[in-house]
Every structure is written in C-alpha cells, then in structure tokens.
Amino acid sequence: MSQLAYLAPSSPEQAVIALSAAGARPLAGGTDLLVQLRAGRTKPDIIVDLKRVAGAIGVREEAGGFVVGAATSGAVLGEHARLSRIWPGVVEGAKLIGSTQVQGRASLGGNLCNASPAADGVPALIAARATCMIVGPNGQREAPVESIVTGPGQTSLGPGEFLLAFRLPPRPAFASDAYLRLTPRTEMDIAVAGAGVNLALDADGVVTQAHVAIGAVAPTALLVADAGAALVGSRLNEASLAAMEAAVRAACRPISDKRGTEEYRTRIAGVLARRAARIAYQRAGATL
Amino acid sequence: MSKTHVSATVNGDPVEFLAAPGMTLLDALREELNLTGSKEGCGSGDCGACSVILDGRLVCSCLVLAAEVEGRRVETIEGLAHGSELHPLQQKFLEHAALQCGVCTPGLLVAAKALLDSNPDPTESETRYWLAGNLCRCTGYDKVIRAVMDAAAELRQVRAA
Ligand SMILES: Cc1cc2nc3c(=O)[nH]c(=O)nc-3n(C[C@H](O)[C@H](O)[C@H](O)COP(=O)(O)OP(=O)(O)OC[C@H]3O[C@@H](n4cnc5c(N)ncnc54)[C@H](O)[C@@H]3O)c2cc1C
Ligand code: FES
Ligand code: FES
C-alpha cells in the first residue's frame, strides 16, 4: 500500500487520462475495492475516485428514459421516487446490496465491474435492456450491460475505459420489472441464485415483450432469450410459466459450494424467475 | 509516495490532517485526529463498529479512504453528546442496558442516529433492518432495539413540545 496514489478527477476526460496510467484502478463506493485492497488481494498503484467526475453520480431523465450515474449509491437510487416507480426491479436489485452502511456507498457500476457472478444489481439491469455509457481514450461508446462481464473478476473494458452511466430505455404503458434472490439469511449474504424479469403488456394483459436474466448460476449473469420468448403472447398461464422455467434451468451452469449444490441452484433459479415474472406482471398493471 | 493533505469538517469543526497512502477514514479518525470512539471490528464492512455519517449518509469508515473526505462533512460518535449532556440515544442505551462489552456501541449509536435523522418514527422492523449491518456479540440485539424505539419516542415528544 505504500505506493498508492489517490486522484479525484472532475471531468470524464481527466478520469480517462488518470486511468490510462499503469496500475490505475477506478474507485466508486469502495465496498468491493477497499475490502480487496485491505486484504491484499489487489495492489493498484493509483486509485482514481470517480465520485467527483461530472455525470458519474445522480439520476436524470433523458429521451423518455433514465440516465443513472454509474457511481450513484444504492441509497440515492432507493430514494428516487420516479425511478423506483418506473424501474422497481432495477432499484430492488440495487437496494439488496449489503447493509444500510454499504448502501450509503455501493454503486451499480461497481457491482457490475467487480464482476462477481452473484452481483445482485446486474440481472435486473440486463432484463431492463440497460446499456452502459463507457468513456475511454477513444471517446464514448455504448454497450449492453450483458457484454461487460466476461467471467468472474473479468470485464471487457479496455485500458483507460470506465463506466460513466447506465441508460435505461423509455417505458411503454403497462410495463414493469422485478428482481428476486435467495440467500440463506435475510440480510448481509451472497445470493445462491437471482432472477430479474422485465415485462411489457398490451391493454388486455397479454405479454408483448419479456426479458429474463439470471445471476449466481453461471460464471456471469445471463440473459435467457428463450425464457423471455416463452412468456410473449401469454397472460402468464401455467404452460408459459413452465416453459419459461424450463428455459431458465436449461441455461444454468452453476457451481456447487457451501451455499448450494448445482441441482439446488438450478431448481431455485427457475422458481425465482417464475415468482419474479408474477410480480412484474402485477406491477405492470394486470392481475392474475 | 507523499501524504495527501486533507481538510474536512468533523463534528462541526474544521480539521486538517495528512493522510498516508491508502489510509482509511477510520485510521485517520483514530490515529490522526485522536477520535478513538469509532472501532475496527472487522475492517471489511461487515460489522458496523466503524460507522460514521459522511455528508448525511451512514457509511463504514473502514471502507472510505481518508483522502476521499476532502471538503466533506463527517459525524462521529464523539459528536453525539452535547458536552456532558448525553444524547437521548446514549441515555436510553444506559437505561435499557443495551451494551455489555461496548465495542459495537459507538457504531450502533451513530447508525441509530442516522435512522432517526431520516425517519423519526420507525417501526420495530424498520429499525431491525436498518441496524442489520451492526453486529453485536453480547446483547442479543433486543435491548438495543428497545433502547432505540424508546429514544425515538422521547425525541418525538421533545420535538412536539
Ligand atoms: C458487508 C457487505 C455486504 C455486501 N453485500 C452484497 C450483496 O448483498 N449483493 C451484492 O451484489 N454485493 C454485495 N456486496 C459487494 C459490493 O457492495 C457490491 O458489489 C457493490 O455494488 C460494489 O460497488 P462499489 O461502488 O462499492 O464498487 P467499488 O468497490 O468502488 O468497485 C468495485 C470494482 O469495480 C470497479 N469499478 C467501480 N466503478 C467502476 C466504473 N464506473 N467503471 C469501471 N470500473 C468500475 C473498481 O475498480 C473495482 O474493481 C457487499 C459488500 C459488503 C462489504
Ligand atoms: S470495522 Fe468497518 S465494518 Fe467492521
Ligand atoms: S456489547 Fe459487546 S459487541 Fe455489542
């Protein structure tokens, strides 16, 4: 730690320059990074604090959707009434991260870029079809959330690149989402499995768009296209739910560990996806 | 690598100190500012003994770099009492015997203050969830919860009067 420098740039351009140096690492809330630093599991030379970078903190509405600063804390997201009403699943994923203290700091950008397979904020973002606004030496680019994590602890971000914000697309009428996870304890635990479901319905309650993403059951969170497709055209009848669940289970490639066996995780992922679909359906304005 | 000069406000007072590279806010409070009320139970964000309020948000000071608080406002356990007059939360912790060894107590008091600042009338279940990041090996939590609920009631009365 004796070589560690700390920089707090105020513009995205300054942040890119700082992050382009060898051994530079971005810092958002530090609830993963500082734990790893203190345990000696990571040894950066320069910490680049993103929290003072313009656009990295805060929530704004733009072009009918939302732009959520990548370093915005879970506490701020949870207090944002309109975001919570329009994207309840995305917000409940963020709010499930850690204790009140952790919520005061933990960000969705950090949750994604830490690249844990069990990150609670990620499945709902993927199901929302959110994109990442990435800034780097070659300017700005935009990429789907599911393209960022390539394996445990690994991301597709290039040298000097960081996530400035997430973009959540405009919502049609009768649309909502939900995220559910299973943990052995109700608080302060790591997900055994998680599922995010995002639905849009027509005025008769028929599903017109459905996206299902699962976490903690593969090396990265997964968008399960077949699972979403199984719900489209239905009113979440038993046959469509069963087909969705089967698609979720077929996509699972979990590990066995002290939190659950492969078989258990696979089964639970299906159950969580089914329950999250029902919640999203109800929130979207229809009753079962 | 040289130390970083940091100016911040701690419990309402302007402070300045030098932060060694990688130094946490918890270490800066304890070692540079001699505010040893905040405790290190785990150093990994799990126990809450190091809880402080940073710009109005409850955080674990073990997971904040000292250099991050440049220009920020920090409230610690030392700011809770007014001179020799205890804060109602402190008084109720004593009355309800909500502490034994006391290592978790500063963190619990700061966390409880942050709760009552934002929600003067919390339910018991809201209080339990809010304090879930504060571990206590001694009390079994029940007395802590009763003390916080009682302090909340008293503070509401004071405010109404
Ligand atoms: C007590 C405790 C409980 C926890 N509980 C949960 C839980 O229930 N569920 C869960 O999913 N996680 C949990 N976590 C893990 C952690 O809190 C989350 O992953 C959190 O979202 C990380 O966000 P952060 O802002 O603190 O990230 P940081 O620690 O600041 O960063 C994490 C990683 O991402 C990189 N990074 C951060 N921001 C960016 C960016 N904008 N662009 C590029 N790279 C970036 C950093 O370099 C670092 O590698 C817990 C942690 C603790 C300490
Ligand atoms: S010492 Fe900070 S949470 Fe335990
Ligand atoms: S009183 Fe001993 S840990 Fe809480």
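None of these values were measured; they are calculated from a predicted model. Each chain gets a letter, A, B and so on, in the order its sequence line appears, and its residues count up from 1.
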Separation between CG of A:Leu7 and CZ of A:Arg52, rounded to the nearest 0.5 Å: 12.0 Å

Top contributor to chain A interface from B:Gly56, B:Cys62, B:Ala19 [non-hydrogen pairs under 4.5 Å]: B:Cys62

Point-to-point distance, once rounded to the nearest 0.5 Å, from CD1 of A:Ile17 to CG of A:Leu19: 10.5 Å

Chain A contact via B:Val52 - which portion, at a heavy-atom distance below 4.5 Å: neither

Among B:Asn134, B:Thr4, B:Asp46, B:Val64, residue most engaged with chain A (heavy-atom pairs, under 4.5 Å): B:Val64

Charged N-O contact under 4.0 Å between B:Glu32 and B:Lys3: no

Pairs of heavy atoms under 4.5 Å with chain A: top-ranked of B:Gly107, B:Gly43, B:Ala111, B:Cys60: B:Gly43

Under 4.5 Å from a heavy atom of chain A, the part of B:Ala20 involved: neither

Selection from A:Asp49, A:Val35, A:Thr31 maximising heavy-atom pairs under 4.5 Å formed with chain B: A:Val35

Which atoms of A:Leu33 approach chain B - backbone, side chain, both or neither, heavy atom under 4.5 Å: neither

A:Asn114 and A:Ser116: side chain donor to acceptor below 3.5 Å: no

Side chains of A:Arg25 and A:Thr42, donor plus acceptor under 3.5 Å: yes

Sidechain N-carboxylate O distance under 4.0 Å for A:Arg265, A:Asp257: yes

